[in-house]
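Here the structure comes first, spelled out in structure tokens, and everything after it is commentary.
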Amino acid sequence: MNVLIIEDEKMLALEIGDFLEKEGYLCEWAKTCEKASEKIYVNSYDFILLDLGLPDGDGFDLLKELKALDQREDAVIILTARGAVEDRVRGLDLGADDYLAKPFSLLELSARMQAIKRRRYKISRNEFDIHGFSIDLHNKEVRFHTEKVPLTPKEFEIFHYLVLNKNRVISRMQLTEHIWGDVLEINSDSNFVDVHVKNLRKKLAACTTTDWFETIRSVGYKINVT
Ligand code: CA
């Protein structure tokens, strides 16, 4: 899952980024409104961590910009030193998903991100089952009944992302964005996504039939669950 950290304090941004990367998130950093705005227009993110006090403007304006874009589901957590109730209320009213007042613990940030993910995808725990496979988000493992499926980290992320978005077509572009990050930096002609998906599918198919794992020709992929 990809995260955009919008924060002008370099040390804090690096600390958050290091921590979340260890947790398996893919992080990008923007330290100004201008840079953040550019990124938001080009990429969509699973999470946006938004500082309110930025050198060239106000985080609330970025939040308004984001919410004015069509078909965006980026979850926004406001991070700010401003503890005022009015700021908190304003952020939530503008459509932020949560709010953390600085200083905050990174463990709390991670727990809140997990909670947003569970709400969003309607999963009740960090482990869930699909067609005989169980996906353990904490240990980043997939098992088929009791047998561990030897997925690479990228294959795990792809499977996890498709399963969370079950019954929806996920395009190659969306997968690229959420698993590899900034699409601007990636050669869009490359078929590397398909190669990873093919390997993933082969490993799943070694366990059981995978007719629920659909390829939508020239669009992307879909995992069907009834
Ligand atoms: Ca700031």
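Numbering of ligands and ligand atoms starts at 1, following listing order. Starting from 1, each residue takes its place in the sequence as its number.
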Note: O(Gly53)-the Ca ion (ligand 1)-OD2(Asp51) angle, rounded to 10 degrees, equals 80°
Could you tell me if Asn165 and Tyr221 have a donor-acceptor pair between their side chains, going purely by distance under 3.5 Å? no
Which atom, counting only N, O or S, brings Asp8 closest to the Ca ion (ligand 1)? OD1
Can you tell me which residue pairs pass the side chain to side chain donor-acceptor pair (under 3.5 Å) test with a partner in residues 202-213, sequence neighbours excluded? Glu155-Lys203
Checking salt bridge (charged side-chain N to carboxylate O under 4.0 Å, His left out) against Lys39, which of Glu177, Glu28, Glu34 comes through? Glu28
Does Glu9 bring an N, O or S atom to under 3.0 Å of the Ca ion (ligand 1)? no
Return the orientation label for the His160 and Phe128 ring planes: parallel under 30°, perpendicular over 60°, tilted otherwise. tilted
